[in-house]
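Could you have a look at this structure, given as structure tokens, before my questions?
The chains referred to below are lettered A, B, ... by the order of the sequence lines, with proteins before strands, and numbering in each begins at 1.
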Amino acid sequence: MQERYDPAAVEAEAQEYWVQHHSFEPKEDGSRPKYYCLSMFPYPSGRLHMGHVRNYTIGDVITRFMRMNGRNVLQPMGWDAFGLPAENAAIANSVPPAKWTFDNIAYMKNQLKTLGFGLDWSRELATCRPEYYRWNQWLFLRMLERGVAYQKTGMVNWDPVDNTVLANEQVIDGRGWRTGALVEKREIPMYYLKITAYAEDLLDALKDMKEWPERVRAMQANWIGRSEGVRLGFPHDIETAGVLYAFTTRADTLMGVTFCAVAAEHRLAAVAARGNPQLAAFIEECKRGPAVEAELATQEKKGMATGLFVRHPISGAAVPVWVGNYVLMSYGEGAVMGVPAHDERDFEFAKKYGLPITQVIDVPGREYSLDAWKPWYSEHGRCVNSGKYDGLDYPQAVDAIAADLRTLGLGEKQTTWRLRDWGISRQRYWGCPIPIIHCRHCGAVPVPDEQLPVVLPEDLVPDGSGNPLLKDERFLKAACPKCGAEARRETDTMDTFVDSSWYFLRFACADNDKSMLDERVRYWLPVDQYIGGIEHAILHLLYARFWTRFMSEMGSVPFKEPFTNLFTLGMVLNEVFFRKPASGRIEYFNPADVTVTTDKITQKRVAVLRADGQEVESGGVVTMSKSKNNGVDPIELVGEFGADTARLFTMFAAPPDQTLEWSDEGVQGAYRFIKRLWKAVHDHVSQGPPPALEKSSLNDAQRAMRRQAHQTLAKVTDDLGRRRTYNTAIAAVMELLNALAKFPHSDAQERSVAQEALEIAVIGLSPIIPHVTHALWQALGHPQALIEVAWPAADAEALETSTVNMVVQVNGKLRGHISVAVDADEGSVRAAALADSNVQKFIAGAAVRKVIIVPRKLVNIVV
RNA sequence: GCCCGGAUGGCGGAACUGGUAGACGCGCCGGACUCAAAAUCCGGUCCUUUUGCGAGGGUGUGGGUUCGAUUCCCUCUCCGGGCACCA
């Protein structure tokens, strides 16, 4: 065995072994339990970032651990290869997005191999390949047939200078990111998927998904947003006799309505705007407003009276109709009843515009005043000032009012969802073409299955002014499948979330060119463990669940939930350094180019840019990103310390589901530990092979060492398998190694105990640092490769102990320690506790009121 | 604004089911080795007090439940994620 740890040589050899032996290319095998471990596939942005390393290391730890525990483990990898960044790169460099994407894939694949992940590359897929996206198209046609896909108009951001549709992220303060032009809204026809038809099932199923993090289930449930309420109608005679409908969860406050507010897009707003230029201008202003919910919700609440009135459904009183910029057309009926006394937004609105406020709910012991909003105003209580409903509580009032409305034909109880249908049309080039042909005579005609795939040309270079497909005659021209007339292809492409809504199924059968899925899906799916960033907690995961439900209905898959167990990891953060010139833009400096020292006198941290020796400011610790220039290149790290160090640090520095703060010193520490482990094995094996362990003849110190080794094994097994707290598993092995360093190594039995402890350390860490442990396992005298070794169980005999240490508290404060026999009864434990000299000091002269004994842990004496 | 998380020494974190707060690592201090430095090894390291044993305080804020609270409940503050066309 070499004395010096040489990561480059060790890692090349181990990786060579796994490739040669196809260690991670599992075949379907009905005789063995399968395990499908999947990390969210990356967008091929150019190079791996630390978030990828963290994500894929977790996946790899699970993969290797489950493999050693006898499972037939599949861990595939692919590329989420369509998307906006490729178009941006294309515009910047005049390269087709396809070339940019494929170059990036080649580069990043190499990076992944360098890190030693146990990936099955034989199943690799990229969503931008026609072999893949043809099935997007095929399934979209099935959805069209079943009415799950449908067409309606939707609003988009329009850049009037570039004549192009902008993504929300390309709109900065209401202006186009490239042109700076004021962004307009346009209503255009788009395709939608009817995810709302699955809302109830998507919500109900969450209750049984115990293996998903509670927070993700909560976020999804809130997103779907089931609301039980009442749909109520305000009759009117505007134009002709009609009814303005609104949805409310607070029908008990109906008698407190003093106005109604409608969205700018509401039909009544348009009616009122005729002949009212001021109102028309206000409506236009609202429509130009933000598209993003966060901005909508924080903008100043504004409104304008329409001059129209509707009638209160119960009292018949005239109720003024306003247009409000806080009313969403996309939720409920696009109109709300205004009850300023009991709704905070309505209260503010009424205050601002001088609308009346009528208290109709009374909460005992509380005094209502019109001066300022108080949180209790929106609490449930009893009806007052509400005529026949006075005295009713919330459920009684809602029932009574819903019943009366029903009699009047002006409403009923209703369940409303926050979830909206999924608009999948994107007016962009680098995506999966929507398989539709537009014919002058026949309208929008689906492309017949036998003409699939509709292939996206890969040689176009977008220039930022609209979708290049619109200018590509080869793509555009098509014969109408119905009448044969010359027709035009749909140029919209699909949202990239479509691509990622089923890729996990395709890994089971990526080589099938005849059908989307086959019987192998039944062996591998559902995914046993899915791992990805918390930022995907809602959209991606919800879309994938919806998609799987549709495929289940079609009979394509025998399950509705695609991911049995979900693990969400935290973000990777790093400190950000910058200089802010008196004028001009902030300049960010990469932390690798900055030296931070602590001033000995002032104790202040000082950051200096090495290039010029001048100080830079610290902007705190934030998510690693290109824009803040605070990323760390994982591959540079691998070059300097090896993949095992990169893996060990990312697993050790923080629990995997929480944010991880980057630390160069921490990386050094990880490297130091691996070197110590290497040296410990080297020093041990250089004395030659130890004799067989004679368990019965060990002395106390040897027995204790052995006990710690097996306790460590039990802890590591639990931390890796159940708790997924890789940081504490590593800490436990570090403790074991620290203990072993103090353990004598001279007689034969001591060396046998040490051999066993070292083997436990090496096996225990092997899922995390597989390369170095592969080499160390050989050095410890084993011909079989470590990846083929079965995960050991802790020896129950080694864990046995005769005495146990307990702490003694007096009134909850720690006062002493006692050592008692494991099987000591309460009486003797109590006696030992009371006999402790320090404890005596605190109970002297006081009456012992109570003694609480927690077996094997603690005694608390209450005096 | 709404929904979901988080906050513990100089720093990252540990304490799993309400039972010894600070494991493990980083940094720092002292020592060994060295002509010297690096690397490595050994010892120390929450704060106050004490020669020491010990004592007092301490888990973002303020309150509550309990023999006992980092852990449970309520309040507030700050930080992070998501908000439907970034992926």
Side-chain angles (χ1 to χ4, degrees), chain A residues 40 42-43 45 80 83-85 154 156-157 165-171 213-216 218-223 225 291-299 326 330 345 418-428 495-497 500 533-540 542-543 568 570-571 573 598 603 605 620-623 649 652-655 657-670 672-673 675-676 679 718-719 722-723 725 727-728 730-735 738 741 805-809 811-814 817 838 841 849-852 854 857-863:
Chain A
M40 290 180 187
Y43 178 79
S45 56
D80 187 14
L84 199 54
V156 294
N157 306 305
V165 174
L166 299 178
N168 284 341
E169 120 176 317
Q170 297 172 313
V171 179
E214 188 55 50
R215 60 171 162 163
V216 175
M219 281 192 261
Q220 291 218 346
N222 288 325
W223 185 263
V292 179
E293 196 196 313
E295 291 173 37
L296 271 168
T298 49
Q299 71 180 347
Y326 66 97
S330 54
R345 273 187 318 191
R418 213 184 72 94
L419 184 68
R420 305 201 295 262
D421 275 345
W422 175 14
I424 58 155
S425 292
R426 298 290 180 271
Q427 296 68 43
R428 278 204 276 275
D495 180 4
T496 56
F497 276 123
S500 53
I534 185 68
E535 69 274 19
H536 294 292
I538 296 174
L539 290 180
H540 161 60
L542 196 62
Y543 290 147
T568 51
M571 316 280 283
L573 315 182
T598 307
Q603 287 294 305
R605 292 175 79 240
V621 179
V622 302
T623 318
F649 173 70
F652 180 62
D657 58 345
Q658 279 169 41
T659 54
L660 181 151
E661 290 184 29
W662 191 258
S663 153
D664 286 330
E665 292 81 10
V667 174
Q668 293 278 354
R672 194 174 303 150
F673 172 73
K675 283 193 290 187
R676 282 187 63 200
K679 188 171 180 299
D718 190 44
D719 285 354
R722 177 183 66 91
R723 295 181 68 210
T725 50
N727 53 330
T728 54
I730 294 165
V733 179
M734 286 174 167
E735 284 182 78
N738 288 343
N805 292 317
M806 294 178 72
V807 297
V808 185
Q809 296 180 335
N811 288 339
K813 284 194 182 293
L814 178 66
H817 299 262
N838 199 46
K841 283 198 290 188
R849 279 178 42 217
K850 201 160 142 191
V851 176
I852 294 145
V854 181
K857 270 193 177 154
L858 164 145
V859 181
N860 188 16
I861 301 163
V862 185
V863 298

Problem - Side-chain touch A/F497/A/L539, heavy atoms, less than 4.5 angstrom - result: yes
Would you tabulate the nitrogen or oxygen pairs shorter than 3.5 Å linking the protein to nucleotides 3-5 of chain B?
residue	atom	partner	partner atom	Å
B/rC3	O3'	A/N222	ND2	2.8
B/rC3	O2'	A/N222	ND2	2.7

Polar pairs (N or O, both sides) under 3.5 Å between protein and nucleotides 76-78 of chain B?
none

Practice task
With sequence neighbours excluded, tell me which residues meet side-chain hydrogen bond (donor to acceptor under 3.5 Å, both in side chains) with A/K675.
Solution key: none
Exercise for the section: Taking side-chain hydrogen bond (donor to acceptor under 3.5 Å, both in side chains) as the test, write out the residues that go with A/H536, two or more places apart. Expected result: none
Exercise for the section: Not counting sequence neighbours, which residues clear ring-ring contact (aromatic ring centres under 6.0 Å, His included) with A/F649? List them please. Expected result: A/W662
Exercise for the section: Ignoring backbone atoms, test whether A/T728 places a side-chain nitrogen or oxygen under 4.0 Å from the OP1 or OP2 oxygen of B/rA14. Expected result: no
Problem - Atom-pair distance (CZ on A/R418; P on B/rC83), nearest Å - result: 11 Å
Completion exercise
Its contact letters, B for base, S for sugar-phosphate only and - for none at protein heavy atoms under 4.0 Å, make nucleotides 37-52 of chain B read ---SS-S---------
Exercise for the section: Please determine, for the side chain of A/V156, which listed nucleotide (B/rC85, B/rA84, B/rC26) has the closest atom? Expected result: B/rC85
Practice task
Assign A/V862 to base, sugar-phosphate, or nothing according to its heavy-atom contacts below 4.0 angstrom with the strands shown.
Solution key: sugar-phosphate
Practice task
Nearest whole angstrom, please: distance from the C1' of B/rA87 to the CE of A/M571.
Solution key: 11 Å
Exercise for the section: State whether the distance check finds a donor on one side and an acceptor on the other, under 3.5 Å, for side chain A/R428 versus base B/rC85. Expected result: yes
Exercise for the section: Under the side-chain hydrogen bond (donor to acceptor under 3.5 Å, both in side chains) rule, collect the residues that match up with A/R676, sequence neighbours excluded. Expected result: A/N738
Exercise for the section: Check whether any side-chain nitrogen or oxygen of A/N738 sits under 4.0 Å from OP1 or OP2 of B/rG25, and answer yes or no. Expected result: yes
Handout entry: Separation between the P atoms of B/rU71 and B/rA32, rounded to whole Å
Key = 46 Å
Handout entry: Whether A/Q658 side chain and A/P655 backbone form a donor-acceptor pair below 3.5 Å
Key = no
Practice task
Check every atom of B/rG19, B/rC85, B/rG12 against the side chain of A/V854 and return the nucleotide holding the closest atom.
Solution key: B/rG19
Exercise for the section: Return yes if some donor-acceptor pair links the side-chain N/O of A/N727 with the main-chain N/O of A/A653 below 3.5 Å, else return no. Expected result: no
Completion exercise
For A/R428, the side-chain hydrogen bond (donor to acceptor under 3.5 Å, both in side chains) test, sequence neighbours excluded, returns none
Problem - Spacing of A/R345 atom CZ relative to B/rG1 atom C1', expressed in whole Å - result: 9 Å
Handout entry: B/rU40 and B/rC33, which share atom name C1', separated by this distance in whole Å
Key = 9 Å
Handout entry: A/N168 side chain to A/A291 backbone, donor-acceptor under 3.5 Å
Key = no
Exercise for the section: Could you please name the option among B/rC16, B/rC86, B/rC83 that lies closest to any side-chain atom of A/L539? Expected result: B/rC83
Exercise for the section: Considering only atom P, compute the distance from B/rA14 to B/rC72 and round it to an integer number of Å. Expected result: 15 Å
Handout entry: 5′-ward residue of the pair A/Q809/A/S425 relative to RNA chain B
Key = A/Q809
Practice task
Ignoring the backbone of A/A167, work out which of B/rC24, B/rA87, B/rC85 is nearest its side chain.
Solution key: B/rC85
Practice task
Carefully, step by step, assess A/Q809 and A/L858 under the rule side-chain contact (heavy atoms from CB on, under 4.5 Å).
Solution key: CA-CA 8 Å; A/Q809 296 180 335; A/L858 164 145; 3.7 Å; yes
Practice task
Please work out if A/P42 contacts a base, only the sugar-phosphate, or nothing of the nucleic acid, heavy-atom cut-off 4.0 Å.
Solution key: nothing
Completion exercise
Between CD of A/Q658 and P of B/rA15 the distance, given in whole Å, is 10 Å
Output one line per pair: protein atom, nucleotide atom from nucleotides 54-59 of chain B, and distance, for all N/O pairs under 3.5 Å.
residue	atom	partner	partner atom	Å
B/rA55	OP1	A/R815	NH1	3.1
B/rA55	OP1	A/N838	ND2	3.4
B/rG56	OP1	A/R815	NH2	3.3
B/rG56	OP2	A/R815	NH1	3.0
B/rG57	OP2	A/K813	NZ	3.3

Handout entry: For B/rG22, glycosidic torsion class - syn if within 90° of 0, otherwise anti
Key = anti
Practice task
Please list, chain by chain and in numerical order, all residues satisfying ring-ring contact (aromatic ring centres under 6.0 Å, His included) with A/W223, sequence neighbours excluded.
Solution key: none
Problem - Separation of the P atoms in B/rG44 and B/rG12, to the nearest angstrom - result: 24 Å
Problem - Between P of B/rG22 and CD of A/E735, the distance in whole Å - result: 13 Å
Problem - Pairwise C1' distance, B/rG58 and B/rU20 [rounded to whole Å] - result: 15 Å
Problem - Heavy-atom donor-acceptor pair, A/Q170 side-chain to B/rC86 base, under 3.5 Å - result: no
Problem - A/R418/A/E293 salt bridge by N-O under 4.0 Å criterion - result: yes
Problem - Short side-chain N/O contact to B/rC16 OP1/OP2 from A/R723, under 4.0 Å - result: no
Problem - Distance test, side-chain N/O of A/N727 to OP1/OP2 of B/rG25, below 4.0 Å - result: no
Problem - Shortest side-chain distance from A/A653, nucleotide among B/rC85, B/rG19, B/rG12 - result: B/rG12
Practice task
Starting from P on B/rC67, measure out to CD1 on A/I852 and report it in whole angstrom.
Solution key: 8 Å
Exercise for the section: Can you check whether any acceptor in the base of B/rC67 is under 3.5 Å from a donor in the side chain of A/N860, or vice versa? Expected result: yes
Exercise for the section: Scan A/H540 against the nucleic acid and name what it touches under 4.0 Å (heavy atoms): base, sugar-phosphate only, or nothing. Expected result: nothing
Handout entry: 5'-to-3' dot-bracket of RNA chain B (Watson-Crick, G-U; under 3.5 angstrom; crossing pairs as [ ]; | other strand)
Key = (((((((..(((......[....)))((((((.......))))))((((....))))..(.(((..]....))).))))))))....
Fill in the blank from the handout: The answer to which of A/E661 and A/R722 contacts RNA chain B further toward the 5' end, by nearest nucleotide, is A/E661
Fill in the blank from the handout: All heavy atoms of A/M806 vs all of A/V854, minimum pair found to be CE-O, 3.6 Å
Exercise for the section: Could you tell me which residues satisfy ring-ring contact (aromatic ring centres under 6.0 Å, His included) with A/F673, sequence neighbours excluded, listed by chain and number? Expected result: none
Problem - N/O donor-acceptor pair under 3.5 Å between A/N157 side chain and A/L166 backbone - result: yes
Exercise for the section: Would you mind reading off the distance between A/F497 atom CZ and B/rC86 atom C1', rounded to a whole angstrom? Expected result: 8 Å
Problem - B/rG9 versus B/rG27 - spacing of their C1' atoms, nearest Å - result: 12 Å
Problem - Contact check, side chains of A/V156 and A/R426, non-hydrogen atoms, under 4.5 Å - result: no
Practice task
Whole angstrom is fine here: how far is it from CH2 in A/W662 over to C1' in B/rG13?
Solution key: 16 Å
Handout entry: Spacing of the P atoms in B/rU75 and B/rG82 (rounded, Å)
Key = 26 Å
